[in-house]
Structures are given as C-alpha cells and as structure tokens.
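Proteins come first, then strands; the chains are lettered A, B, ... in the order of their sequence lines, and each starts at number 1.
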Amino acid sequence: MDDFYRDYILDHYRNPRNFGHLEAPTVSAEDLNPLCGDRIRVELNVDDRGIVRDIRFSGKGCAISQASASMLTESVLGMPLEEVAKLSKDAVLDNVGIGISPTRMKCAMLGLRVLKSAAIGTLAGWPDEE
Amino acid sequence: MDDFYRDYILDHYRNPRNFGHLEAPTVSAEDLNPLCGDRIRVELNVDDRGIVRDIRFSGKGCAISQASASMLTESVLGMPLEEVAKLSKDAVLDNVGIGISPTRMKCAMLGLRVLKSAAIGTLAGWPDEE
Amino acid sequence: MLHLTERSALGIRNDFPIFSKPTARGKRLAYLDSAATSQKPLCVIEALDAYYREYNANIHRGVYGIAERATEAFESARARVARFINAEPAELIWTRNATEGINLVAYAWGNANLRRGDVILLTELEHHSNLVPWQLLAQRTQAELRFIPVDERGFLVLDALDRLLDGCKIVALAHVSNVLGTIVPLDAVIPRAHAAGAIVLIDGAQGAPHFPVDVKSLDAEFYAFTAHKMLGPTGVGALYGKRELLESMPPFLSGGDMIRSVEYSHTTFNELPWKFEAGTSNIADAIAFGVAVDYLADLGPGWIRQHERRIMGYALARLGELEARGLHVYGPKDPDATGSVLSFNLADVHAHDVASILDTEGVCIRAGHHCAMPLMHKMGWQATARASFYVYNSEDDVDALIGAIEKAARIFKV
Amino acid sequence: MLHLTERSALGIRNDFPIFSKPTARGKRLAYLDSAATSQKPLCVIEALDAYYREYNANIHRGVYGIAERATEAFESARARVARFINAEPAELIWTRNATEGINLVAYAWGNANLRRGDVILLTELEHHSNLVPWQLLAQRTQAELRFIPVDERGFLVLDALDRLLDGCKIVALAHVSNVLGTIVPLDAVIPRAHAAGAIVLIDGAQGAPHFPVDVKSLDAEFYAFTAHKMLGPTGVGALYGKRELLESMPPFLSGGDMIRSVEYSHTTFNELPWKFEAGTSNIADAIAFGVAVDYLADLGPGWIRQHERRIMGYALARLGELEARGLHVYGPKDPDATGSVLSFNLADVHAHDVASILDTEGVCIRAGHHCAMPLMHKMGWQATARASFYVYNSEDDVDALIGAIEKAARIFKV
Ligand SMILES: Cc1ncc(COP(=O)(O)O)c(C=O)c1O
Ligand SMILES: Cc1ncc(COP(=O)(O)O)c(C=O)c1O
C-alpha cells in the first residue's frame, strides 16, 4: 500500500481538481463509502448532445477516495454521458496505478460509483431514450 | 454402564415394587425427566405422626429410572417425612450401586426428586410447621 | 482429495481424526448419531486452526493485511456455501444454526406480515425448532396454527392440503424428518402453497447434509440449514431467502455491521446479506463451513445420497432379521422414501437403556424424543432409539449396531 | 502456565502462535487492534482442536461416552465463565456475541415491559450494538430514547442524570468506550438508576476483557460480553442476567433445547439458563471460551489492568511527542480514566491512509467510525485512527506504532 502514496496521488489529495460545486448542475449524485461513512458528491453539466462539459466533486475522505475522484473528474471531461455510464473499474485503476488492497478498493471506487449512478440515472430519465 | 444392568436391577424394572396408585393419598407429586420426557408420579400415605405408611409410584421410563424408583419406595416405607425431605443422592446410589454416567444420573434421580418434592411440599404446607 | 470413483466410506473415514482412535472402552467408534451432529474432517479442523494461527482479525472494516485476508476468506466461504445450494451470496445469511434461521423469519417476516386469523401451516413431524417459533409467533399475532397430518407409516397425508392452505400465509416444513427419515414431498407442497398465496420455509437441517439442494428449482422462499450436521463446526448455520423478500423485511438482530448509517435517533440499514448480520460474525466457523461444503461438493451430493441409500438398505435388511426378537423399526421402510435416519425400539426395553448398552460396544446412537415430542406423542411412542448414517459410515457400522443390539437383547433377556 | 510474577508481555506473546511469524511483508506483527478482536493463545486453539478430534458430539441428550464428555466440558465452561464475573451458572446465557445478548434483552425484556412513553436511557458514546437495538425497541413500543451527554474530553456529564432518569425503565450503557477509552462511572449511575426504578444493562464488550468484573457488587441487572475480544473464539458470547429477571422474562429464540415439554399447540420452557438457548449451541467455541477465561484468570484481571495502564501511560507520552507534527489524541488523556483504547488523528491525513501506511510496517490499527457514528458526528470527527492494547502488547508495540506514524508523516509531508 505504501507504493500507492506517490507524489502525484498526494498532489491530487491536497489539491483536488474540479473540487467544489456548480451553480446549476444538470445532474448530481451522492453516496457514502459503507466502510467508513465518507461521502462524495458529484455534479455535472451536460450539454444537449450529452457531453460532459463541466464537473465538480465534493466531500471529505481519504487520499485514495479523494485522489481517485479528482483524477476521474479530469478524465471524463468532454466524454459522452453514455460512455461515462459504461466506465469500468479500470478507469480508476489506470489513473491511480496498482497497489490498492481489496478493502481500500471501496475507497478508490467511491467516486466512480457516484459518477456512474449520476450518469445512469440521467440516461434512464431522458424521455428520448428507448 | 453395562455393569449397571445387573439381575436385581432388571428384576425391579420388570417387577417394580409398590407400583400403581393409592385410593386416597395424603401426598402426591409428579415430574418429568427433562432429558427424555419420561414421567414419574409418587403417592404417599402419611400418618398423623408424619410417618410414611404406604407408597406407590407410577409412570413409564427406562430401567434406571424405574428400578431406582422401585428400590427407593421400599427404603422409605416407615420413614418420617422429615427424613424423606432430607434424602441425598446416596439414598439412590446405595441401592443401585455405581456405574451410572452423568447424563443417566438424571434418570436415576427422577424418583428421588419427585419423592422429595412431595415431602418438602407437604412439610411446608403443614400449619404447625414453624 | 481422491476422486469419487476411488473413494469408499473407509477411505473417507481416514479424513476424520476422531476415527483414528478407539473409544474410552477400547472399541472401534461406530458413530451413528450424525443426525444430531456430524463428525468433522481434518480439512475443517485445520481451517479453524489456520485462521486462529495465521490471520485472526475482525472483518470488513480492517485495512491491514490479516484483516483483508480474513474478510476475503469469510466472504468467499459465503459464496461457496451459497453455490452449494445454488443461491446467490447476497441471499445467504449466516446464522448460529438452523433454529436461528427459522426464528429470524418468524420474527422479521412474521411480525411484519401476520395478522389475527392468518394461518401458519406446519406438519405433524416437525422438530421443535420448526414448531415452537411458530407457536410463539401465533401467540404474538393471534394467527392460527394448522398441521399437515402424518400417517402411521410416517408419510404426510396431503389429501386435505388445499383446505389446510385456505387463509395460509406461510408453510414451514422439514425437508427430511429427523425421527422417521421421511423425505417430505416438497415438490408436491410448494407449488400448491404458492397457488394459495402462501410463502414456504424449508427446515433443511436434515436435507442439505444428505441431498442435492437447488433452491432455485425448489422455489421455496426460505431454506434454513446448519453447519454442524454437514461436516462443519458448531455455531454457524445459514438462511437462504429470496432476495426481494429479504429486501422487503425489516432487520431482526441489530448492532454493528448490519448498518449503513447511524444517528442517535435512527438508522439506515446495510444491503444484503449484511442487513441481517449483527455484531461480530462467527468468522472462523463460517470459513470452516466453506471448507466443509467444499468437501461435500467434492464427494458430490449425488454420490452421498447413493452411498446412504445403500447403507439404509443394508440396515433395514439386517434390523429386519431381529424382528423375531421384538425389534420394531419405525417410519417408511423403503430406502427410496427415507433419508439416512432409522428409529427403532427393542421389545419393551427403553430406548435409553438400549443406547447405554450400545455405548459399551462403541456404538453411538440417540435415544429419546429427538426434539419432536408432539410426533412421538401422536405415534404413541415414549421414546425411540435412532441410528443415523453419513458419508463415513459403512456396512461395518451396521454390523456393529446389530451386534450391540443383540447384546442388549441378551442382557434384557428378550 | 507461569506464575504472575514471572510473566511479562513478551513471555505471554509466546503463548500466541500468530506472533511466531512475521507479516506478509516480513515485519514483526504489532497487533494493536484488540478492541476489534483479540488474538488467541495456543490453549484456546488446542481446545477447539481437541473437541473436534476427540469428543465432538451433540450435548445434553446423548448418553454415549463422547456426548457425556462434551456435555460436561460445555457446562463446565459455562461455570468457569460465570465464575470469572462472579455469576452463577444459571445466570449465564450463551449468545453469539455481545450484540446478541443486548438484542435478547431488547426483545425478550423490552417487548414485555416497555410501554408508550417509557424512557430508555443510553449514553452518547455507545457502540451501534448498544444503540440500534434500543432504537428498534423504541419504534416497536413507542418508548422514548434519551442520552447521557458526553463532553468534548470524552467524559459522561451526569449533572442532569436525575431528570434524564425520570420515567426511565432501562439504562443501557457501555462499561468502557471503544472509541475514547473512557471508563464509564458505573458505580455512580447504577444506584441512581435503581433509585429511579430503572433496570441497568451494561455493554461489557470492552469491560470484561480488561477489568475485574464482579456482577454481584456491580449490581446491574444485565451484563453482556463477547469471547472474541477476550482471547476466545469468534461466535460465542455471554449474557449475565439476574435470576429473577431472567425467570420472569418470556423466551427469545425458541426451538430445540430451550423446551421442557412440547405439544402441537403449546410449549413449556426449560429452566435457566437453557430457557434462552435455542437449537444446537456453539459447543466447541463455548468450551474454548472457558479455556480463554482460565487463561485470563491465571494472569489475573488486576494484573491485566495494571499492565495495560502502564502501556497506555507510555503510549500517551510517546504520542504526545508527536503533537508538534500535528498529532491529536482524543479522549481522556489520563491512564486512570481510560481503558486500553487510544484514538488519534495525524494532522489532515485521513485515518484510513494512516492505517494503510502503518500496515506496511506490520502495525495493525483500526480506522474509521468504530461503529459509533453518532459519537463521531457529535465530536466532529470524520474518522479516527485507533490503537488498542491487550495482554500480549508491550512498549515495543508502541515504539513500532510511533515509528510507523512517523513514516506516514513523512509520506504525507506533515
Ligand atoms: C463497546 C462495544 N460494544 C459492543 C460491541 C459488539 O461486540 P460483538 O461484535 O462481539 O457483538 C463492541 C465491539 O465491536 C464494542 O466495542
Ligand atoms: C429436522 C431438524 N430441524 C432443525 C434442527 C435444529 O438444528 P440446529 O440445532 O442446528 O439449529 C434439527 C437438528 O437438531 C433437525 O433435525
């Protein structure tokens, strides 16, 4: 696990990208890590073609959940919501590298879980879908 | 345990002494062996000096409980109720000899337990006591 | 582990340390009380040992190495026990034993769903563990208890089933009788119960150890079973429940682990299966239960059933030879209709005396009411002696049984 | 076993097989999570082993040799665990864990005795296991929950106790806080609760392992504790209850063993303690629990307390040295006021990250809300890191802790 705490991770932890809130988000979602009760909230602005134009996350948590969420927000900017909804674990693991133990995996995946539930919830709610 | 099943025990089992009921017992009690649900009932006739003048027991059970009860009825005939109330385990063990395992001890003591509870109950109920 | 075809009960017996030594009286141990609890193979004992020696730690919330290893072993055991009965891990709740699983349903489902006058349908052959919780539920809710009758051979009488099912909300019945060995015709009861709008709970304490169980095809709502009767340790059992039902039920025991978020005034609960698991789980025993079902799965439930059927056939034949000396065998006398449980009495000798004499020959059987007093009473039996068989038993155990019964007959001169 | 005076934590450590090997990363295991679960001495592991290898059998009703031996060992374990807290065997009920004991009281006593508007008094520092069962009971009965406040140092505020006790039927409170280490002033609360007509339940999960407990002089009505935190196996715990109260309570779980006589329509129940034990007990683990308390009794609860007090003093001093680097220690900082639990945070580093880094050095601590979310929330803590000590810990473990915290500080540049 100590391999995990590399400088760029700590940088994302101390200086999280896209941290905060949007004025009028198109989409938002929030969930907690059942392991520790840490919460993350994600807010998105999605344009009419379904592309993620702006994103913010908020919450308090460990370096793993915060850095994972921070990096994730960077990688989904400009992505169509449909792709966001289909993101796999690897979207996080490619960012943060290896070395996360199974229990801490819940921390790493918290941001992804919230983001995907926002995306899936929105897609399901769109009237022109299906 | 096989030492236990000697001829005189089996004789008491097959031909229990004082088995049956009294017309108008002065005292009676009944209980069951929590191990197996076997029940024994004891009925006594006690004279006005508190001496056991007649006794019967009834119920169905294993050789150990039946033979122990049968022998016990013989040994308390003519005994003052106060002594009956104070009988110890040995009253049974002296009769039946050794070789009873801890679990089967409950069977051996069933008759004694019922008899004593009859005696104690009666003594407690006597107005001139205390 | 050897392959099926190379296996024999004698080979299997080598896997069980308890059989490596003679009894206190120097006899070979003929253990014929597996319906009460089974013996444990070395792999199960060693699983406990390894947990406590190498990775003992509390689970789920620990982030250090041994806690991660314990969590993985614990949840993997759940997955394997679930797979053994074809359930999903989220549908498998750890309990202490079958009894607790039945109580969980009687409290959590029962209190929330039963109203005055609703019917709880049982059978006349239930173990106290599948009777008393429903009596208490009936008292709490003013529900009515009804019973599917048992005939004198030990078979359920289903003629009046539809009438019995009228107004019924839940049917709770054994998979296999622990007194008579009767295999209960679940396939005949469950669809009719569903058609009448009732849900079904199976007391699988004597089922899962001996028969292939597929909860999806059985289609019962609940199936309760217990590790110690199927090569696992004491102190752990499992309750299978259909997911939607479990999700709709309020929790039962509460405390650590089954929560999602707690405030002083109220709590939201964890997802399945943890919603029903309060406090520190029986971690070591759950892990060892997983090893026990692996062992059983390796033998194969189908093989186990054939093996036991063969011994039962042999035992029925040998005991039949003693009928002339006053031996009575109870329950269905057809090995296809029974599990591996055999109740009997020897003439007028009390079952406890029979069992005590058998013990002197190293033969362990049970005697008494087998936690089924009402059935015994109905049948008019004070007590029965009961021999039961499992994977490590063989014809030699039956021979030991017969020899010891003959000794009892000699002592009691019958 | 050595005598007290010859004993040292290092000598004790030799009795625990888990310490004989390095961690997966080759470090010495500094196990500082005994408040979550303790490690087990060899004698406890061997007791399990011996049961399963030599005399595994179901208890109480078996009349053969190994069943008699199992019954005796099981009931003797009960007597020894009872004696450990100065209770009678009939007053000691086996449960799965402390949580189940509390639930037993909340259901069996609570459902029968609480009415709308009655008060249940807890404290603000309870573990979820001594909070959620009372929330659910309050929902079932429309009773009111109240809380004895905790100040920011972690002490109970008893100023308003009499007002809080007005209308109160039961006070349920921890012996020792598992987050702050606070020793709860039971002697100050219990008599006042009694004077107000309330009964008292003690959650002794963190008490019995570390402090001498004498239930007769404590005079609480119930005391719940759990084997796995006191050198025993997972899956067994005990509930002490005053005899008259236990006798007046209806049963909780029902089924085999807790009955006296059963008919189809109704049941009479067994005497104490079996009245509250349904189904096959956790035989092996209860026996091993008996061995665990023998080991603790041999060390002596007084010695254990002194030993832990010494380590806590050392740990408080060493952690104090790190205050300059942003280390915060929570709870009473006086070793006389705390058990052997120490919560802290390192600057702005999340406790989970601290724990993960400590793990790489072989130091096992817990991080998170410690199943006391409302307390954490009240204190304004997202999560804390928690080190806890037990008989096998020593100053070297504190040194390992400090070294590993310094590593975390380096990595996080604080
Ligand atoms: C104070 C306190 N109460 C109750 C419990 C619950 O113990 P168990 O999980 O063994 O039921 C714990 C431990 O987790 C505890 O620390
Ligand atoms: C048919 C049946 N149901 C339930 C039980 C109870 O199992 P346990 O005691 O493990 O809860 C038993 C065994 O005692 C049984 O034979």
Could you label the plane-to-plane angle of the C/His60 and C/Phe74 rings as parallel, tilted or perpendicular, counting under 30° as parallel and over 60° as perpendicular?
perpendicular

Below 30° counts as parallel, above 60° as perpendicular, anything between as tilted: where do the rings of D/Tyr392 and D/Phe19 land?
tilted

Measure from the side-chain N and O atoms of C/Lys40 to the backbone N and O of C/Ser38, and report whether any donor-acceptor pair falls under 3.5 Å.
yes

Contact part of C/Glu126 toward chain D, heavy-atom cut-off under 4.5 Å: side chain, backbone, both or neither?
neither

For C/His369, is it the side chain, the backbone, both or neither that has a heavy atom under 4.5 Å from a heavy atom of chain D?
side chain

The interface call for C/Ala24 against chain D, heavy-atom contacts under 4.5 Å, is neither

Compare every heavy atom of D/Ala351 with every heavy atom of D/Ala385, then report the nearest pair and how far apart it is.
N-CB, 3.4 Å

Which bit of C/His127 is near chain D, if near means a heavy-atom gap under 4.5 Å: side chain, backbone, both or neither?
side chain

Between D/Asn58, D/Leu358, D/Asn56, D/Thr99, which residue shows the highest count of heavy-atom pairs closer than 4.5 Å to chain C?
D/Asn56

Heavy-atom cut-off 4.5 Å, strictly under: side chain, backbone, both or neither for C/Tyr51 against chain D?
side chain

Name the member of D/Cys364, D/Ser20, D/Ala355 that forms the most heavy-atom pairs with chain C at distances under 4.5 Å.
D/Cys364

Relative to chain C, which segment of D/Thr23 carries a heavy atom at a distance below 4.5 Å: side chain, backbone, both, or neither?
neither

Of the listed residues (D/Leu29, D/Asn111, D/Leu104, D/Leu375), which shares the most heavy-atom pairs with chain C below a 4.5 Å separation?
D/Leu375

Could you tell me which portion of C/Thr280 (side chain, backbone, both or neither) has an atom closer than 4.5 angstrom to a non-hydrogen atom of chain D?
both

Part of C/Gln39 lying under 4.5 Å from any heavy atom of chain D:
both

Top contributor to chain C contacts, counting heavy-atom pairs under 4.5 Å, from D/Val363, D/Asn130, D/Leu42, D/Ile283:
D/Ile283

Where does C/Ile365 contact chain D at under 4.5 Å (heavy atoms): side chain, backbone, both or neither?
backbone

Which region of C/Tyr31, side chain (C-beta onward) or backbone (N, CA, C, O), has a non-hydrogen atom less than 4.5 Å from a non-hydrogen atom of chain D, or is it both or neither?
side chain

Any idea which of D/Phe16, D/Phe252, D/Trp134 has the most non-hydrogen atom pairs under 4.5 angstrom with chain C?
D/Phe252

Is there a side-chain contact between D/Pro17 and C/Glu54 (heavy atoms, below 4.5 Å)?
no

Hey, does the side chain of C/Asp285 reach the backbone of D/Gly235 with a donor-acceptor pair shorter than 3.5 angstrom?
no

Check: C/Asn103 and D/Ser254 side chains under 4.5 Å, non-hydrogen atoms:
yes

Pick whichever of D/Arg366, D/Glu46, D/Glu263, D/His266 has the most heavy-atom pairs under 4.5 Å with chain C.
D/Arg366

Could you go through D/Thr37 and D/His228, starting from their C-alpha distance and side-chain angles, then the distance that decides it, and tell me whether this counts as side-chain hydrogen bond (donor to acceptor under 3.5 Å, both in side chains)?
CA-CA 6 Å; D/Thr37 199; D/His228 70 95; 2.8 Å; yes

If I measure from the heavy atoms of chain D, does C/Ser265 come under 4.5 Å with its side chain, its backbone, both, or neither?
backbone

Side chain, backbone, both or neither: which part of C/Leu253 has a heavy atom under 4.5 Å from chain D?
both

Hey, does the side chain of D/Glu100 reach the backbone of D/Arg96 with a donor-acceptor pair shorter than 3.5 angstrom?
yes

Which of parallel (below 30°), tilted (30 to 60°) and perpendicular (above 60°) describes D/Phe147 and C/Tyr264?
tilted

With a 4.5 angstrom heavy-atom cut-off, which part of D/Ile66 approaches chain C: side chain, backbone, both or neither?
side chain

Are C/Asp15 and C/Cys43 packed together at the side-chain level, in the sense that at least one heavy-atom pair is separated by less than 4.5 angstrom?
no

Is the backbone of C/Val150 close enough, under 3.5 Å, to the side chain of C/Glu124 for a donor and an acceptor to pair up by distance?
yes

Portion of C/Asn97 that has a non-hydrogen atom of chain D nearer than 4.5 angstrom
side chain

